[in-house]
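Down below is the structure, laid out as structure tokens.
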Amino acid sequence: MPQMNTTDLTQNLNDAQREAVCAPACNQLVLAGAGSGKTRVLVQRIGWLIQSAEASPHEILAVTFTNKAAREMRERLNEAVGGGVGGYGARSLWVGTFHGLAHRLLKMHWQEAGLPQNFQVLDSDDQLRLIKRIYQQLNIDDSKWPFRQAQGFINTKKDEGIRSQHIQDDYSAYTSNMRTIYAAYEEACERGGMVDFAELLLRSHELWLKSTALLQHYQQRFRFILVDEFQDTNTVQYAWLRVLAGQSSKVTAVGDDDQSIYGWRGAKIENIHKFEKDFAPVNVTRLEQNYRSTATILNAANALIANNTDRLGKSLWTEGEDGEKIDLYAAFNEQDEARYIVDRIQSWVNSGRSLSEVAILYRSNAQSRVLEEACIREQVAYKIYGGHRFYERMEIKNALAYLRLLLNRDDDVAFERVINTPTRGIGGKSLESVRLVAQEQGCSLYSATVKLVKQGVLTARANNALNTFLLLVEELENITVDMSLGDLTEYVVKHSGLLDFHAKEKGEKGQARVENLQELASACRLFTPEDDSVKPLREFLDTAALDSGDTQADEYESAIQMMTLHSAKGLEFPMVFLAGVEENLFPHQMSAEDPERMEEERRLCYVGITRAMERLVISYAESRRMHGKEKFNAVSRFVRELPSALMQEVRIKSTITRPTTYGKDYGGVFATKVSSSSNVHASNEAKAFITKSDEYSGFTLGQSVVHAKFGEGVIMQFEGKGARTQVHVNFPGLGVKRLMLEYAKLEPLV
DNA sequence: TTTCGCAGAATTTTT
DNA sequence: TTCTGCGAAA
């Protein structure tokens with residue numbers, strides 16, 4: 001194995017980075033600004049510990065927040081330290097997410113943790129279903145107490161380390177109701193051997209406290225603990241860490257208070273402050289030199305975030321160039337905004353740059369649609385992140401539920417999911433009887449069904465349907481018992497009837513679902529079990545529960561990336577568009593009242609700006625369709641907080657390129673574009689214009705037109721189709737006029 | 001039991 | 001606008 005020496009490891013670091021990497025064994029807090037080489041420091045710190053013989057890999061624990069970050073860290077460690085021959089390298093060192101590590105511990109020590117060996121991890125969807133069932137059981141009115149409220153309540157409490165019996169009675173109906181639901185939920189999880197995300201953490205924290213011997217073992221083992229994204233830790237995670245670290249382990253916390261954007265998920269930004277006290281003495285290092293963005297972008301980000309209070313204080317700087325100013329575009333509406341953005345992207349491509357260097361970031365997913373449509377129109381390849389993750393898709397969850405049932409008949413959540421999927425004539429009535437028996441006998445739904453069928457008290461039809469289901473599950477297990485994981489899954493998907501069921505769904509949906517189910521089977525074939533003490537299926541299901549499955553994302557495809565600001569954290573792009581930067585949207589309306597949430601919105605904006613390496617374009621729409629209604633929002637306060645010296649407003653007429661088209665009704669000639677942003681895409685555009693002109697009879701949004709009476713104006717919106725098309729035209733000085741296109745006699749202004 | 005249609009709601013989402 | 005969930009009809 002090639003041995004790297006210590007100088008090699010540190011020679012490419014700046015002073016602050018080196019200080020963090022080469023600090024003697026101590027507790028350290030690394031405040032790492034955006035783009036300051038955070039991951040690198042983390043990896044090199046571990047490398048340094050090992051190479052300076054401070055620690056063996058076996059004694060190091062590295063914690064991240066996402067599977068992706070964990071994977072990346074592992075890869076980079078393998079490069080830096082070596083893959084782990086004879087337990088020396090990165091393999092014997094624990095790297096994982098809080099949840100992943102907690103899961104691993106609970107798997108290893110299930111007895112001490114009071115869990116069945118084959119406990120099942122519930123994702124939030126499973127959790128919600130379980131809660132709904134509990135409502136039925138307890139006869140609670142969900143119009144008064146929404147399901148989501150109960151789910152939020154339970155998760156928040158668990159995140160704070162509070163179990164149902166610890167909840168103080170404040171004699172309010174709310175608290176007593178929620179406590180009852182929480183308690184029933186805990187009981188249901190206990191009975192079914194189910195553990196939700198928050199429970200993984202809480203349970204393993206309790207495991208530390210309950211089993212001193214175990215705790216001591218791990219305390220002695222993990223002499224060095226490193227935590228990434230420390231600003232995102234919640235109360236249990238912090239407590240877990242603190243207990244594990246004990247008196248002697250050294251903790252390195254890396255984070256950025258300015259990038260804390262998950263407060264609404266229980267993340268406690270205060271944990272950074274607490275860390276300094278609880279782990280004193282703490283060596284604090286600030287990484288402020290940025291290797292990502294231009295000085296202009298950084299200065300804008302600094303100016304923005306300076307409006308927040310209670311910061312630990314950090315100011316990014318770069319040795320690099322000032323770069324271009326930040327463009328600000330005021331769009332007429334969201335359509336115009338999308339068109340402008342796509343237009344800019346085309347110029348970017350025409351100047352020889354790549355699509356994959358571009359990202360469009362927005363506050364909420366609903367914004368993606370218009371952008372997506374604009375991309376389709378102009379034939380710009382795009383990829384949207386977010387939405388449903390692979391393992392959360394309905395068809396996949398259905399398939400997994402069958403698989404879960406094969407391993408554990410008592411998995412009530414899985415049972416409920418597939419008892420009538422595909423529909424087999426088991427409706428609410430039959431299910432109700434099953435639930436009743438289960439409740440009376442304190443057994444799972446599956447065994448209740450078995451009992452019920454034996455008794456034969458139901459109608460012949462219901463009895464028959466239930467029995468068919470039981471037989472199906474048994475048969476699936478018997479036949480697949482010796483199959484490989486891939487064959488097993490394929491068999492189950494097919495013979496459970498799921499494949500046909502989803503294939504029958506109308507539209508392209510069915511097709512997509514079938515493809516996803518096939519994708520699942522191939523994921524199973526590719527799956528390599530690591531632990532031969534358990535069935536591969538068991539291991540696969542565990543992985544699926546904790547992994548969102550975004551691994552297969554084809555990263556190398558040349559396409560622009562569209563995502564929410566939240567999912568952009570940790571990424572960087574040469575060209576970034578921040579779209580929809582308007583009051584009520586960003587900052588979001590729902591954060592308007594609470595100053596703390598407003599600061600979080602500002603941090604979100606800070607995250608967005610600092611994603612950009614070279615170019616940043618901010619846009620907002622003067623009018624925007626939201627929830628089907630036309631809204632007029634002011635430009636975001638965040639824009640006003642950026643120094644105007646760093647900005648340039650894009651002038652509509654001079655900068656933006658606007659195609660003029662004449663539809664079929666006007667002679668069937670497609671005029672070429674007035675200005676010159678693209679030749680390459682000309683044919684595509686012509687194609688796109690056919691649909692456009694059909695819709696708009698030859699006019700396009702944002703186009704300048706002349707009206708006989710009102711004079712010159714700009715088209716802001718179309719309404720309706722064909723002869724009944726209405727146009728909204730903004731005439732400077734006169735305001736927006738709604739006109740019937742047929743009678744308005746508008747002339748295009750070239 | 002299933003399916004269809006209408007009313008009502010509608011951030012962000014690492015695990 | 002678009003999705004979800006529930007109630008009424010087939």
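Side chains included, hydrogens not; waters and symmetry mates left out as well; all remaining heavy atoms used. Every chain is numbered from 1 and lettered A, B, ... according to where its sequence line falls, protein lines coming before strand lines. Worth saying up front: this structure is predicted, and the values here are computed from it rather than measured.
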Taking [atom1] from [X] and [atom2] from [N], how many angstroms apart are they, rounded to a whole number?
X	N	atom1	atom2	answer
A:Glu199	B:dT15	CD	P	19 Å
A:Lys631	B:dA10	NZ	C1'	11 Å
A:Arg203	B:dT15	CZ	C1'	17 Å

| query | Does OP1 or OP2 of B:dT13 have a side-chain N or O of A:Ser124 closer than 4.0 Å? | reply | no
For [X], report the nucleic acid contact type (base, sugar-phosphate, nothing); a contact means any heavy atom under 4.0 Å.
X	answer
A:Glu601	base
A:Asn67	sugar-phosphate
A:Asn365	sugar-phosphate
A:Tyr262	base
A:Ser567	sugar-phosphate

Return all side-chain donor-acceptor pairs below 3.5 angstrom for residues 262-270 of chain A, not counting sequence neighbours, or 'none' if the list is empty.
{"unit_1": "A:Trp264", "atom_1": "NE1", "unit_2": "A:Ile261", "atom_2": "O", "d": "3.0"}

Please report the closest heavy-atom contact between [X] and [Y], naming both atoms and the distance.
X	Y	value
A:Leu452	A:Leu458	CD2-CD1, 3.6 Å
A:Arg611	A:Val607	NE-O, 2.7 Å
A:Glu337	A:Ser619	OE2-OG, 2.7 Å

So which protein N/O to nucleotides 1-5 of chain B N/O distances come out below 3.5 Å?
{"unit_1": "B:dT1", "atom_1": "OP1", "unit_2": "A:Gly428", "atom_2": "N", "d": "3.3"}
{"unit_1": "B:dT1", "atom_1": "OP1", "unit_2": "A:Lys429", "atom_2": "N", "d": "3.4"}
{"unit_1": "B:dT1", "atom_1": "OP2", "unit_2": "A:Ser430", "atom_2": "OG", "d": "3.1"}
{"unit_1": "B:dT1", "atom_1": "O5'", "unit_2": "A:Gly427", "atom_2": "N", "d": "3.4"}
{"unit_1": "B:dT2", "atom_1": "OP1", "unit_2": "A:Gly425", "atom_2": "N", "d": "3.0"}
{"unit_1": "B:dT2", "atom_1": "OP2", "unit_2": "A:Asn420", "atom_2": "ND2", "d": "3.0"}

| When you measure from the centre of the six-membered ring of A:Tyr385, is the NZ or CZ of A:Lys383 under 6.0 Å away and within 45° of the axis? | yes
| Say you pick atom P in B:dT13 and the same atom in C:dT4; how far apart are they, in whole Å? | 16 Å
| field | Pairwise side chain to side chain donor-acceptor pair (under 3.5 Å) hits with a residue in residues 192-204 of chain A, at least two apart | value | A:Gln127-A:Asp196, A:Lys158-A:Asp196, A:Lys158-A:Glu199, A:Arg163-A:Glu199, A:Tyr185-A:Asp196, A:Glu190-A:Arg203, A:Glu199-A:Arg203, A:Ser204-A:Trp240
| query | With centres under 5.5 Å and planes under 30° as the test, does A:Trp264 stack with B:dT12? | reply | yes
| field | Set of residues satisfying salt bridge (Lys or Arg N to Asp or Glu O under 4.0 Å) with respect to A:Glu229, sequence neighbours excluded | value | A:Lys38, A:Lys569
| message | Between A:Asp123 and A:Lys397 (salt bridge meaning N to carboxylate O under 4.0 Å), is one present in this structure? | response |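 Salt bridge present between A:Asp123 and A:Lys397.
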Enumerate the protein-to-nucleotides 1-10 of chain C contacts in which both atoms are nitrogen or oxygen and the separation is below 3.5 Å.
{"unit_1": "C:dT1", "atom_1": "O4", "unit_2": "A:His627", "atom_2": "O", "d": "3.3"}
{"unit_1": "C:dT2", "atom_1": "OP1", "unit_2": "A:Arg369", "atom_2": "NE", "d": "3.4"}

| remark: For A:Val370, the side chain to side chain contact (heavy atoms under 4.5 Å, CB included) test, sequence neighbours excluded, returns A:Glu334, A:Gln335, A:Ala338
